[in-house]
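A note on names: the letters A, B, ... follow the listed sequences, proteins ahead of strands, and every chain is numbered from 1. These values consider heavy atoms only, across backbone and side chains, with no hydrogens, waters or symmetry-generated copies.
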Number of protein chains: 2
Amino acid sequence: MSQEETTSRILEAAGQVFADRGFKAATIRDICSKADVNLASVNYHFGDKQRLYIATIKHAHQLPSSQFPIPQWHAETSPETKLADFIQVTLSRMIPKGKAPWQAKLMMREMTQPTLAVQELIKEYIRPHFDLLLSILRQLVAKQTSEQQLTKLGFSIIGQCLFYRFNQPVLHMLVDEEMVDQHFSIEQLAQHITHFSLLAIRHFTEEPNDPSSILSTPITEQYSIGTESNTNLPEN
Amino acid sequence: MSQEETTSRILEAAGQVFADRGFKAATIRDICSKADVNLASVNYHFGDKQRLYIATIKHAHQLPSSQFPIPQWHAETSPETKLADFIQVTLSRMIPKGKAPWQAKLMMREMTQPTLAVQELIKEYIRPHFDLLLSILRQLVAKQTSEQQLTKLGFSIIGQCLFYRFNQPVLHMLVDEEMVDQHFSIEQLAQHITHFSLLAIRHFTEEPNDPSSILSTPITEQYSIGTESNTNLPEN
DNA sequence: TATCATTTTAAACAACTGTATGAAACAAGT
DNA sequence: ACTTGTTTCATACAGTTGTTTAAAATGATA
C-alpha cells in the first residue's frame, strides 16, 4: 500500500469517527480498524492523535470548499446578486445534501468546542470567507457605516445560515416533515435569508440609538426593554 | 454533609465539567474533586455516569429559565416591545455574563449532538419558547402570512441569537477585543438584532418570488443565482 | 539477486477510566 | 452509651486508551 493511500484512508476514516464522536471519544483503534490499517499507522504517519486531528480538520474543509466555490463575478455584478450567491454557497457548504456531510459536522464541532485546530481553521477558511461577506456588505450600506455595524450585519447573516447547520436536529423536531420537504430546501432557505437580510440592510443606515437614525422615534423609546412592561428582568 | 447537599454539589460540578468537556471526556474524578466529594459518591447517589448526565441535563435547564423570565406584558404592549424583550431574554439566557452559564453550554451541546435527553429538552423548554416567538411575529406581519414564512422568520431571529452562543470562540477570534468590549454587550446585540429584524419584518409581506411582492422586480431576477455570473456552482 | 530505506505488523507498556467493595465515620433515636 | 441505617472514604480491579518498540514485510535500486 502506498504511503499516500494509507494516509488518505486514515484521514477519511478519522473524519467520520471524529465527527461522530468528538476528539476524546474517538479512539485510534476505531479509526484504524475502519480504515483497515494497522494500529500503529497513525502514530507512524501523523505522530500522534492530536496531529491526526488537525490534519483531519484541514483535510475536511477542503472538499466542501472546492465543491461549492464562490462564483467568479463580473465587474458589473450587483452587490445584491453577490450577497445572494454568497448565502447560497454558504448554505450549500454547510447543509448535508446527499452524501456524508461529516466534514461539516466536524467543522461545526470544532467551532463550538474549539481545540487547537480552530485557529488554523479560522485563519485559512473562516476569516477569508467572512471578509468576503464584509466586502459585499460594504457595497450595500451607507458609506459612513462603521466597522462594528458592518460586523454585526455580517453576523446577522452568518447566524441565519449557521442556524440550519447547527440545529438540524432541533429543526426537524420543531417543524413537521411535510413543511421541511416543501419549504426548507437549500434554495428556498437561501432565498429567504437573502430576502430578509436585504430588506433589513436597505433600511439599515444608522445605529438604532444614533440621533441621526432614519427612524422617526429613537429605537430605545420605540421598543425599549424594561421601561414599561418588564419589571423582573435581572439587573445588569 | 446532608444527602441533598452532596447531590446538588455533584450536579453543579458535573454541569460545569460536562459542559466543558462533553460526556466522554468528563471524568468522574474531575467532577468529584471539583465538588469536593468522594470518588464513590457519584455511583452511590446516581448509580452510574450515564444517569448522572441525564440528571445534570434536567437540572441544568431550570436555572437560566427562572433567572431570566419572560416579562409580564400589558394588554397594550406593542409587539415591537415584545420582540425586543424576547430577544433580550433569549440572549441573556444564552450568553455568558459574569458567572459561567454552563447550563446554556450544556444545552447547546445537547442540541448539536443530541443524546436521549434532547427530546425532553425540546418539549419542555425550546418548543414553548419558540411558540412564544411565533405568536409575537404573528402580530407583526400581514395576516395572510403563511405558517412556513412565519417559521422561517422565527428561525432568522433565533439564528441571529444563537450565533453569539455557538460561536463565542469564533467571534472572539474574528473581532478584536476592544470592539467586543465596546460594541458587543448583550444589550447592544439585542438592540442590533431587534433593529435588524424589525426592519426586515416591516417590509416582509410576501414570499420573495411571489408576484405580489413589494419589490419592483421579482427577486429571482433581481439577485438570482447562477444566471449571469455563476457558472461553476454544482448542480443540485 | 542483494541491498537498503521505507512501511507494516504484533505485542507490550504505562497511564487513565468507570465501577465495586468493605471498612470507617456519621447522625438519629432509644 | 448503644444500635441502626446512611453516607463517606481509601483502595482495588478490570478494561480501555495513546503510544512505543523491535522485528517482519515490502518495494525500489543496483
Rounded to whole angstrom units, what separation is found between the CG atom of A:N38 and the C1' atom of D:dT21?
12 Å
Nucleotide D:dG15, atom P - distance to CZ of A:R29 in whole Å
14 Å
Roughly, in whole Å, what's the span from OH in A:Y44 to C1' in D:dA22?
14 Å
To the nearest angstrom, the CD1-C1' distance between A:I31 and D:dT16 comes to 15 Å
Using only atom types and a distance under 3.5 Å, with no angle test, would you say the side chain of B:H59 pairs donor to acceptor with the backbone of B:L11?
no
Give the ring-plane orientation class for A:Y164 versus A:F184, where under 30° counts as parallel, over 60° as perpendicular and anything between as tilted.
tilted
If you assign each of A:A40 and A:I28 to its closest nucleotide in DNA chain D, which residue comes earlier from the 5' end?
A:I28
Nearest-neighbour nucleotide for the B:K49 side chain, D:dT8, C:dG18, D:dG18 considered
C:dG18
Using the side-chain heavy atoms of A:D48, tell me which of these nucleotides is nearest: D:dA10, C:dT7, D:dT19.
D:dT19
Students often get this wrong, so: under 4.0 angstrom with heavy atoms, is A:A26 touching a base, only sugar-phosphate, or nothing?
sugar-phosphate
Between C:dA10, D:dT8, D:dA12, which nucleotide has the shortest distance from any of its atoms to the side chain of B:L39?
D:dA12
Is it the case that atom CD in B:E177 sees more than 12 heavy atoms from other parts of the structure closer than 6.0 Å?
no
Out of C:dT19, D:dC9, D:dT8, which has the shortest distance to the side chain of B:H45?
D:dT8
Of the nucleotides C:dT17, C:dT8, D:dA10, which one has an atom closest to the side chain of B:T27?
C:dT17
Shortest non-hydrogen separation from A:A26 to A:K49 and the atoms involved
O-NZ, 2.8 Å
Return no unless some side-chain N or O of B:T6 is found under 4.0 Å from OP1 or OP2 of D:dT7.
no
The nucleotide from D:dT19, C:dT19, D:dT8 with an atom nearest the side chain of A:N43 is D:dT19
Quick one: does any side-chain atom of A:K82 pair with a main-chain N or O of A:S135 as donor and acceptor, under 3.5 Å?
no
Using atom CD of A:E5 as one end and atom P of D:dT26 as the other, report the distance to the nearest whole Å.
15 Å
